[in-house]
Amino acid sequence: SPNQVMRDQLGLSVIHRPCRSYPGVSTNYTGDIDLHVVRVATGGTYEDAGMRIGYHSAVSIRVMERTPVEHAAHFAFRLAERHRHNVVSTSKYTIQRAADGLFEEVVAEVANEYRNTTHTKELFDSLLAKLILRPERLDVIVTPNEYGDFLSDMVYGLIGSIGLGASASYAFTPSHQPNIGIFDPAGGTAPDIAGKGIANPSGAIEAYGYLLEYCGLFDMSRRLLQAIHDCIANNEKTGDLGGKLNTMGYTKAVIARAQ
């Protein structure tokens, strides 16, 4: 994918997916969600397309590297320090003892540097059940590549639509500080509805808000992100969320509230 090409060329090693409830969106889960998925953007099973072995078998290599996990762990703990001081690392460490074992080992090492933040580890399947039952209890989740891919789509389902999600991808300095950021909608592109005026641009606009925050324009970022929530809460929303606005009408409504 184009995103994968950019990750490779720019050395992007961590993906951040914030997720919070939107008043005015109909969902199966009615509680308040405010959590973050921090995903190692390299390795896992996504690095190797694998190969067929004869007619009956296929094989692929699963990779876990220390440095990207360190970047993701530091990002997760610094994020938690600005929120509710709770980080959960999740993987299948009892089964994938080498790869996921290394992941959990690195996260635990990094956790020692953040004494004011609680760290627990959860098996991935157990976390999925907890996320469905009581997602409001979770703050920051850090996880390997493919698990993070599954989780982030799942949490956007809990808040009503993947179209409400934004994504940030980062490269880092050797001291684990972000030095390149790319921001885009979590749901990617929708070529099947291009030009029809029915796409929900919330994820794209929210991604721009996180770009403003990354550039140090904190007040502008705050106003833009709040404008999205205020529009949806006041029934100024696109058709996929039960509203009557088209893409441009919704965008103009957000701009008006952000000014």
Side-chain angles (χ1 to χ4, degrees), residues 1 3-4 6-8 10-22 33-44 46 65 67-91 103 106-107 110-111 114 117 119 124 127 131 135 138-159 162-173 175-188 202-218 221-222 224-225 228:
S1 70
N3 275 0
Q4 186 61 52
M6 294 182 73
R7 287 174 202 160
D8 293 341
L10 297 174
L12 305 174
S13 58
V14 173
I15 299 173
H16 173 211
R17 298 275 178 87
C19 178
R20 59 175 179 159
S21 300
Y22 279 77
I33 298 173
D34 183 7
L35 61 85
H36 301 262
V37 176
V38 177
R39 167 185 166 191
V40 180
T42 65
Y46 290 0
E65 297 176 286
T67 298
V69 177
E70 289 177 339
H71 291 327
H74 280 283
F75 185 91
F77 279 97
R78 289 169 181 166
L79 186 62
E81 285 185 328
R82 304 198 305 270
H83 293 86
R84 287 176 281 154
H85 297 271
N86 190 306
V87 173
V88 175
S89 57
T90 186
S91 64
F103 167 80
V106 172
V107 175
V110 172
Y114 298 87
T117 297
H119 168 236
F124 184 66
L127 182 81
L131 189 58
L138 295 165
D139 183 12
V140 177
I141 304 169
V142 60
T143 189
N145 198 352
E146 61 269 55
Y147 304 140
D149 194 7
F150 308 151
L151 271 179
S152 52
D153 284 2
M154 177 182 168
V155 296
Y156 292 130
L158 286 173
I159 65 169
I162 195 171
L164 296 172
S167 178
S169 301
Y170 297 103
F172 292 82
T173 66
S175 60
H176 312 296
Q177 297 293 338
N179 63 349
I180 298 175
I182 291 181
F183 306 84
D184 62 334
S202 297
I205 299 171
E206 185 170 335
Y208 183 59
Y210 292 119
L211 170 62
L212 293 173
E213 181 181 21
Y214 180 70
C215 293
L217 301 171
F218 300 109
S221 171
R222 179 192 58 77
L224 183 58
L225 296 176
I228 299 170

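For clarity, every value in this text was computed on a predicted model and none was experimentally measured.
With a 4.5 Å cut-off on side-chain heavy atoms, Glu81 and Val87 do not count as touching. Phe77 is listed as a side-chain neighbour of Val107, based on a closest heavy-atom distance under 4.5 Å. When side chains are defined from C-beta on, Val155 does not count as touching Leu138, because their heavy atoms never get closer than 4.5 Å. Side-chain contact between Val69 and Val110 is absent, with no heavy atoms from C-beta onward closer than 4.5 Å. At a threshold of 4.5 Å between non-hydrogen side-chain atoms, the residues Val142 and Phe75 do not count as touching. In this structure the side chain of Glu70 never reaches within 4.5 angstrom of the side chain of Phe172, judged on heavy atoms. By the 4.5 Å heavy-atom criterion applied to side chains, Arg39 and Asn145 are counted as neighbours. Residues His71 and Thr42 form no side-chain contact, since every pair of their non-hydrogen atoms from C-beta on lies 4.5 Å or further apart.
The closest donor-acceptor contact from the side chain of Thr90 to the backbone of Thr143 lies at 3.5 Å or more, if one exists at all. At distances below 3.5 Å, not a single donor-acceptor pair connects side-chain atoms of Ser167 with backbone N or O atoms of Arg17.
The heavy-atom pair separating Gly163 from Ser202 by the smallest distance is O-CB, 3.8 Å. Across all non-hydrogen atoms, the minimal contact from Val37 to Gly148 is CG1-O, 4.2 Å. Taking each heavy atom of Ala166 and Pro18 in turn, the nearest pair found is O-CD, 3.5 Å. When all heavy atoms of Ile159 and Cys19 are compared, the pair lying nearest together is CG2-SG, 3.6 Å. Nearest approach of Ala186 to Ile162, heavy atoms of both residues: O-CD1, 4.4 Å. Closest of all the heavy-atom pairs between Pro68 and Val40 is CB-CG1, 3.9 Å.
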Is there a side chain to side chain contact (heavy atoms under 4.5 Å, CB included) between Leu164 and Ile228 once you walk through the steps?
CA-CA 10 Å; Leu164 296 172; Ile228 299 170; 5.8 Å; no
Run Phe218 and Glu213 through side chain to side chain contact (heavy atoms under 4.5 Å, CB included) and show every step you take.
CA-CA 5 Å; Phe218 300 109; Glu213 181 181 21; 3.9 Å; yes
Could you go step by step and tell me if Asp184 and Met6 meet the side chain to side chain contact (heavy atoms under 4.5 Å, CB included) rule?
CA-CA 12 Å; Asp184 62 334; Met6 294 182 73; over 6 Å; no
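To the nearest 0.5 Å, atom CD1 of residue Ile33 and atom CG of residue Leu158 are 4.5 Å apart. Separating the CG atom in Asn86 from the CG atom in Leu35 is a distance of 11.0 Å, to the nearest 0.5 Å. Here CD1 of Ile182 is found 4.5 Å from CG of Leu12. Values are rounded to the nearest 0.5 Å. Atom CZ of Arg82 is separated from atom CG of Asp139 by 11.0 Å, given to the nearest 0.5 angstrom. The distance from the CD1 atom of Ile15 to the OG atom of Ser152 is 7.5 Å, given to the nearest 0.5 Å.
Ring orientation note: the planes of Tyr170 and Tyr214 are tilted relative to one another, at an angle of 30° to 60°.
The aromatic ring centroids of Tyr147 and Phe124 lie less than 6.0 Å from each other. In this structure, His85 has its ring center no closer than 6.0 Å to that of Tyr114.
When the shell of 6.0 Å around OH of Tyr208 is examined, it contains 12 or fewer heavy atoms from other residues, nucleotides or ligands.
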